[in-house]
Amino acid sequence: MRYILPFLLIALCWGCQPHKASVIPYPQEITLQKGSFRLTESTPLYTNLQGQEKQDLAEYLQTLPAPFNGSLQEGTPTGEGIFFHKLPEAASPTDESYVLNVGDKQITIEAGTTAGLFYGLQTLLQWISPEGKTTGAGTVPATVIRDTPRFAYRGFMMDVSRHFRSKEFVLKQIDALARYKINRLHLHLTDAAGWRIEIKQYPRLTELGAWRPVEKWKDWWFGEGGKTYCEAGTPGAYGGYYTQDDIREIVRYAALRHITVIPEIEMPGHSEEVLAAYPELACSGKPYTSGEFCIGNEETFTFLENVLTEVMALFPSEYIHIGGDEANRKVWESCPKCRARMQAEGMKETSELQSYLIHRIEVFLNNHGRQLLGWDEIIEGGLAPNATVMSWRGEEGGVKAVRAGQKTIMTPGAYCYLDTYQDAPPTQPEAMGGYLPLEKVYLYDPVPDTLTEAESRLVYGVQGNLWAEYIPGDEQYEYMMYPRILAIAETGWCQPENKDYPNFHSRALQAVKWLQQQGYHPFDLAHEAGRRPEALTPVSHLAIGKKVTYNAPYNNTYAAQGDKTLTDGQRGDWTYSDGAWQGFISSRRMDVVIDMEAVTDIHSIEADFIQVTGPEVFLPCEVVISISEDGENYTELARYNQEVNRDQAVCFKKYGWQGETRARYIRYEARSGKQYGGWVFTDEIIVR
């Protein structure tokens with residue numbers, strides 16, 4: 001009701017003509033007054049800013065339509081006008097707080113910092129009922145808006161390694177991110193698929209490491225040619241990188257919009273492209289043998305420190321992200337240099353090598369006035385003393401960090417990974433997998449309820465991540481990004497008690513229209529198909545609540561509801577990780593027996609399976625359905641054998657039997673294929 005009331009008041013003020021503004025993130029406090037302010041193309045602009053602060057605001061205003069691109073005058077308006085009024089910093093609750101006061105004759109934006117003035121302007125731009133599409137002229141209801149963000153860090157990660165994005169594309173997204181008060185852009189600049197930043201001291205990183213012979217990551221990663229690279233200029237080469245001048249332009253463009261750009265340089269894993277260009281940094285000394293730096297090799301640290309020195313000269317951000325995720329530690333076990341490092345440092349486990357690298361790089365960054373940021377694997381082996389953790393494998397890493405007194409940024413895959421399907425997968429372009437609709441993104445609270453008040457203050461913020469393995473084109477990247485990043489923006493700005501999904505959904509619909517008008521390509525939220533029909537209601541059948549014996553164990557990570565899962569009446573949604581689908585990977589098979597408790601007349605036995613090829617979840621290659629009266633002697637009712645079709649990125653298939661029989665025990669077996677292996681997932685064995 002908190003949101004509905006302002007809109008009702010607006011309607012009353014305007015003679016039942018509702019205000020059309022769609023403000024995201026929604027302001028903390030709105031007080032409507034009588035009257036309105038009419039913006040024209042000649043409405044004057046005033047400020048008490050001086051020097052560089054005035055110049056920066058004026059430069060940004062020139063990118064907006066009239067009247068905002070007019071001359072920014074020093075002083076206080078005596079008549080009609082818009083006044084950007086900087087207060088003493090102590091007058092604002094946070095660095096980004098603002099007050100927007102709209103009267104009949106003047107609009108005043110007050111804040112203790114230029115960031116606060118900027119965010120007040122973004123709210124004003126969305127609050128206008130425009131008179132046309134080419135100017136900022138329009139009507140604004142008389143209003144006082146007092147606003148302050150919940151979190152200091154509200155981020156978006158753009159993966160430019162798997163598929164390169166041009167400088168112009170990055171700048172375009174910065175414009176939209178700034179409108180919705182996202183204040184961090186995390187650039188994933190390096191990974192196996194391509195190195196994307198010019199490093200003067202190591203030219204082979206972009207001469208070779210930035211180019212591959214295949215455009216689509218999927219074809220390059222799974223193709224017969226192997227994950228290889230090619231020289232710049234090779235016919236058909238795909239790739240690209242940002243020159244140092246490009247980076248300077250991106251950083252400056254973002255800074256004018258109060259966005260800090262954070263670079264990520266992956267280490268010690270995800271570095272195949274580096275080791276192809278400089279194989280002496282691999283444990284084997286050869287290219288194409290691993291993706292992990294040799295931590296026992298002192299040249300590795302010389303290389304990393306030299307690279308980071310050039311990176312820090314380009315990015316003034318407090319944080320430098322060093323990755324730290326998914327390193328394959330087995331390569332270090334057989335490396336003489338790594339073993340020597342372990343012996344010299346008194347290490348017992350190879351995991352300590354990664355911790356050694358993280359700690360050493362953190363000292364280097366700290367000595368240069370920077371802080372280390374990394375994925376939650378950096379906790380393993382002992383957390384670096386000043387590091388901030390980006391928690392992606394759930395919230396556990398973030399909770400562990402804050403309980404150790406260190407800051408964390410929450411970005412769990414289940415809520416913040418935008419490379420997943422946002423609607424019914426059969427209606428969508430291929431994605432990594434999963435199902436993350438706008439509503440689920442919006443309902444996420446980055447502060448776990450298990451934290452104390454003091455621990456909660458160490459949750460620095462929230463971030464949405466958009467990995468690009470399955471997103472070759474720019475339009476598709478925007479399609480996956482919007483409007484879900486708007487839900488992240490509102491989650492990062494608003495207090496949880498002020499959030500309301502139905503209200504947000506209506507504003508997101510308006511935001512989608514605005515994005516389309518501005519040349520973006522968002523998901524068409526108005527035509528969302530929604531959840532899988534089978535998942536909407538429980539199913540009733542003869543085996544409900546019956547005991548299930550597992551001859552092959554389910555995986556604890558995807559246990560769903562444990563031993564009750566396959567007879568609890570709950571059907572799975574569009575993703576295998578929703579708590580209804582149960583996953584099997586041990587022995588590459590599912591083998592269960594249902595005890596019906598008594599010999600029962602049975603006419604059908606069936607179960608659905610899901611395939612999502614990105615995370616290697618496949619339909620079974622063999623299904624066997626058998627029955628028994630005594631639990632020892634089984635009669636086979638049905639057997640299915642098939643080749644798994646990897647081209648079906650996401651699909652669902654039912655395997656069952658129909659007829660007439662009597663049995664007490666039902667055995668259901670499903671095996672994965674030898675060609676691909678992977679996971680088998682099912683949600684319910686339905687007996688009628």
Side-chain angles (χ1 to χ4, degrees), residues 56 59-60 62-63 155-178 182-212 215 217 229-234 237-266 270-271 273-274 277 303-304 306-323 368 370 373 465-468 471-475 477-478 481 519-520:
D56 289 348
E59 184 176 342
Y60 173 72
Q62 288 302 306
T63 68
F156 174 69
M157 188 225 67
M158 184 182 296
D159 175 10
V160 296
S161 172
R162 275 52 177 262
H163 289 98
F164 181 64
R165 307 295 167 194
S166 69
K167 175 187 68 177
E168 291 72 22
F169 179 85
V170 175
L171 300 180
K172 180 184 177 185
Q173 308 321 310
I174 289 172
D175 282 333
L177 292 173
I182 293 290
N183 64 359
R184 300 291 194 279
L185 174 60
H186 166 184
L187 288 181
H188 187 75
L189 290 164
T190 73
D191 211 305
W195 182 280
R196 304 301 182 201
I197 179 172
E198 177 188 22
I199 301 296
K200 302 285 189 182
Q201 194 165 346
Y202 298 100
R204 293 293 292 164
L205 291 172
T206 47
E207 291 172 352
L208 178 71
W211 306 94
R212 62 187 191 233
E215 177 181 357
W217 175 89
Y229 308 91
C230 60
E231 297 288 340
T234 300
Y238 171 82
Y241 63 92
Y242 305 109
T243 67
Q244 295 198 355
D245 284 343
D246 289 337
I247 294 295
R248 292 185 186 97
E249 183 178 346
I250 290 170
V251 168
R252 168 65 178 165
Y253 193 90
L256 285 177
R257 291 152 181 80
H258 295 273
I259 292 176
T260 299
V261 184
I262 298 174
E264 180 181 356
I265 306 297
E266 275 275 13
H270 283 275
S271 299
E273 83 289 18
V274 177
F303 170 85
L304 291 174
N306 287 340
V307 168
L308 291 173
T309 296
E310 291 196 36
V311 168
M312 287 187 289
L314 296 169
F315 295 90
S317 56
E318 173 191 8
Y319 286 110
I320 303 295
H321 202 301
I322 55 83
H368 288 78
R370 306 303 182 91
L373 179 61
N465 301 320
L466 184 46
W467 304 99
I471 312 177
D474 288 354
E475 292 186 9
Y477 199 89
E478 292 180 347
M481 182 176 176
Y520 295 86

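What you see is a predicted model; the values in this text were computed from it and never measured. In this chain, numbering begins with 1 at the start of the sequence shown.
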With a 4.5 Å cut-off on side-chain heavy atoms, are [Y] and [X] touching?
X    : Y    : value
L373 : H321 : yes
Q173 : R165 : no
L171 : I250 : yes

Could you state the interatomic distance from [atom1] ([X]) to [atom2] ([Y]), rounded to the nearest 0.5 Å?
X    : Y    : atom1 : atom2 : result
H163 : Y238 : NE2   : OH    : 5.0 Å
H188 : E266 : NE2   : CD    : 5.0 Å
I197 : I265 : CD1   : CD1   : 5.5 Å
N306 : I199 : CG    : CD1   : 10.0 Å
T190 : E273 : OG1   : CD    : 5.5 Å
Q201 : F303 : CD    : CZ    : 9.5 Å

When you measure from the side chain of [X] to the backbone of [Y], do you find a donor-acceptor pair of N or O atoms at a distance under 3.5 Å?
X    : Y    : answer
W211 : T206 : yes
K200 : Q244 : no
R212 : G194 : no

So side chain to side chain donor-acceptor pair (under 3.5 Å) across residues 246-255, not counting sequence neighbours, yields D56-R252, E59-R252, K167-E249, D175-Y253, T243-D246, D245-R248, Y253-R257
Just do the side-chain contact (heavy atoms from CB on, under 4.5 Å) check on Y241 and L205 with the steps written out, would you?
CA-CA 10 Å; Y241 63 92; L205 291 172; over 6 Å; no
Can you name the nearest heavy-atom pair linking [X] to [Y], along with the distance?
X    : Y    : answer
Y202 : V307 : CD1-CG2, 3.9 Å
E231 : A237 : O-CB, 4.3 Å
S161 : A193 : O-CB, 3.7 Å
M312 : R370 : O-NH2, 2.8 Å
Y242 : S166 : CE2-C, 4.1 Å

List in chain and number order the residues that pass salt bridge (Lys or Arg N to Asp or Glu O under 4.0 Å) with E215, two or more places apart in sequence or in another chain; answer none if no residue qualifies.
none
Yes or no on side-chain contact (heavy atoms from CB on, under 4.5 Å) for N465 and D159, after CA distance, side-chain angles and deciding distance?
CA-CA 8 Å; N465 301 320; D159 175 10; over 6 Å; no
Decide yes or no on side-chain contact (heavy atoms from CB on, under 4.5 Å) for I247 and V261, but give the supporting numbers first.
CA-CA 10 Å; I247 294 295; V261 184; over 6 Å; no
Assess whether side-chain contact (heavy atoms from CB on, under 4.5 Å) is satisfied between M158 and L185, documenting all intermediate values.
CA-CA 7 Å; M158 184 182 296; L185 174 60; 4.2 Å; yes
Is the Y477 ring parallel, tilted or perpendicular to the F156 ring (thresholds 30°, 60°)?
perpendicular
Pairs in or reaching into residues 182-196: which pass salt bridge (charged side-chain N to carboxylate O under 4.0 Å, His left out), with residues at least two apart or in two chains?
R162-D191
